[in-house]
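Below: the structure, in structure tokens.
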Amino acid sequence: MVAAKETGGNGREIANRLASECSPPPDWEKPEVAGGGFVNYRAMPRAVATALQELRRDPSLGVPKTTNPETIVVDFSSPNIAKSMHVGHIRSTLLGDTLARMLGRLGHRVIRINHLGDWGTQFGKLLLAYRAAGRPPIDPDHAIDQLEEFYKKGHQEAESDPAKMEKARAELAALQSGDPERIRDWKLFCQRSSDHFREIYRQLGVTFDLEKGESAYHEELPALVEELLHSKIASVSQGAVVVANPEISEEPFLIRKSDGAFLYGTTDLAALRSRIRDLKADRIIYVTDGRQQLHFRWLFNTAEKWGQHAELEHVWFGTILGPDRKPLKSRDGTPIKLSELLREAKERASVILREKRPDLSGNQLSEKAELLGIASLKYADQLPGRNLDYVFTWEKLLAFDGNTAPYILNAYVRTRSILRKACLTMTPNHPLMLEEPAEEELARQLLLYGDAVVLAASERKPHHLCGYLYAVAGMYHRFFEACPVLQAPSTALRDSRLTLVGLTGDILRDGLTLLGIRTLEEM
Ligand code: ARG
């Protein structure tokens, strides 16, 4: 049809010529011409079998390596010190982790960075209340709750009393100019908060290559702002330093306040430069919620004027909503803490499992419940397109039928149990015979795995991979109903089906791993 347009010829005629002159490879049907110039080639089951046999031999299961490997920084999770991680951080943490896994799998050099918020204005108010209370010890078991209490107190006092606000500012200034006692307190806050974050990352199975907070850049900020002023990228406006980006918004990008304080954006400029200069990043991906879109447009635009060369991407996501379609909150109206959410996921999974497997010991049950609970949460969070807000419901995400982690894990577990019954520990390598429609359908779907990973990675949208795995699980269940494996009519067919079952399991496990989800061998 393209050729017809360009040459003014007839699409149907060109298609007929193509079909008669470009003969299909062996085991492909003769092409058919359809519509105004479509040429359809269709693989026969034998061609599918051959291709799947090749996939079986490929350790990467058909996921290609990029021809253009890059050094990619993924900046994700990045919670703020002295505040608990709340439900809003889960999407950044999971999405960033999955993107890093997928991009690494495609052959990029990925650097995972946790850009901790450890230098913000919250420390003025926090220090104010903490010092007024006589700098008490911080109990490691309740550190975040304690720190949040101090922050709340300091915030309330400062907001209601201008003299206290002045004091909070002075606290912040003292910290930022390096007063040893304040630095000691600040380090303690950071330490205790990191312990809390680390425990959550442990439960989620998320790691970083670099934990480098905002404070790491603070010494560079004065010179950076001077440099931008000097090169006329920034200018002084009402005592503050700003970068005008009229092509984006009337409001400018603020990089130094009139009182001399630096901002979130100033730090981001320094971090960006360091990632390009020191880490040799070709590309930086920032994963945050959609409300920061303007910030990143300002940042990227300023970086470009400043001559910082790298591909810059803001991969943003929508909000998690409660049943009332308002941002998900706990009963008392505060944001739900991530630690609570993880605990509840495990508890609920444990109730469901206890019913299904009354034979499990307490230890086995809690181990499986932890895995299943976290898997369900992770899957449900990555399933909706990332730009959408989604409504969170426990019942839906833990269901064994529907597009859920339990459903897909159940398919995986069934593949493993058949292999076990056949005394196999890994996928055999027998010739494939695709006789029943259900096995042919499954085989064709397995061949699309590489495409699904490439699509999800290149669009930065893990939900494509979820959709793919859900389809595989559904086709596998249908195959399982329609095609006896261990009782297959012939040994050759039994062997072929065992190979197909094994490959299905390999692909389900591989895909779930890319989504950061662990599998289990038995439900
Ligand atoms: N700390 C920020 C927050 O909790 C996210 C930081 C994202 N990364 C960045 N380089 N700005 O919202």
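Just so you know, ligand 1 is whichever comes first in the structure, and atom 1 is the first atom listed for that ligand.
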Task: Salt-bridge criterion met for Arg135 and Asp185 (N-O under 4.0 Å) - done: yes
TODO: Identify the protein heavy atom lying closest to atom 7 (C) of ligand 1, giving its residue, its atom name and the separation to 0.1 Å.
DONE: Tyr264 OH, 3.5 Å
- [ ] Check ligand 1 against His115 and write out every atom of the ligand that is under 4.0 Å from a heavy-atom position of the residue.
- [x] 8 (N), 9 (C), 10 (N)
- [ ] Identify, by atom number and element, the atoms of ligand 1 in contact range of Gln292, meaning under 4.0 Å from any of its heavy atoms.
- [x] 12 (O)
Task: Atom indices of ligand 1 within 4.0 angstrom of His89 heavy atoms, with elements - done: 4 (O)
Open item on the list: Under 4.0 Å, heavy-atom basis, I'd like to know which part of Asp268 is in contact with ligand 1: side chain, backbone, both or neither.
Closed with: side chain
Open item on the list: Ser194: which residues meet the side-chain hydrogen bond (donor to acceptor under 3.5 Å, both in side chains) condition with it, sequence neighbours left out?
Closed with: none
TODO: Using atom types as modelled and distance alone, determine if a side-chain donor or acceptor of Asp179 lies under 3.5 Å from a backbone N or O of Arg182.
DONE: yes
- [ ] Among all protein heavy atoms, pick the one closest to atom 8 (N) of ligand 1 and tell me residue, atom and distance.
- [x] Asp75 OD1, 3.1 Å
- [ ] Could you tell me whether Glu459 atom CD has more than 12 heavy atoms of other residues or ligands within 6.0 Å of it?
- [x] yes
TODO: Considering only NZ, NE, NH1 and NH2 on the basic side and carboxylate oxygens on the acidic side, decide whether Lys337 and Glu148 come within less than 4.0 Å.
DONE: yes
Open item on the list: Below 3.5 Å, N or O to N or O, backbone or side chain included: is there any such pair between Ser78 and ligand 1?
Closed with: yes
Open item on the list: I need the atoms of ligand 1 closer than 4.0 Å to a non-hydrogen atom of Tyr286, numbered in the order shown.
Closed with: 10 (N)
Task: Neighbour count >12 (heavy atoms, 6.0 Å) for atom CZ, Arg291 - done: no
Open item on the list: At less than 4.0 angstrom from any non-hydrogen atom of Thr288, what atoms of ligand 1 do you find?
Closed with: 7 (C)
Task: Contact atoms of ligand 1, heavy-atom distance to Phe296 under 4.0 Å - done: 11 (N)
Can you give each donor-acceptor pair under 3.5 Å made by side-chain atoms of residues 315-326, sequence neighbours left out, with the distance rounded to 0.1 Å?
residue	atom	partner	partner atom	Å
Trp316	NE1	Gln293	OE1	3.3
Asp324	OD1	Lys326	N	3.1

Open item on the list: Strictly distance-based, threshold 3.5 Å: is any side-chain N or O of Thr404 a donor or acceptor partner for the main-chain N or O of Ala399?
Closed with: yes
- [ ] Return yes or no for this condition: an N or O of Asn80 is under 3.5 Å from an N or O of ligand 1.
- [x] yes
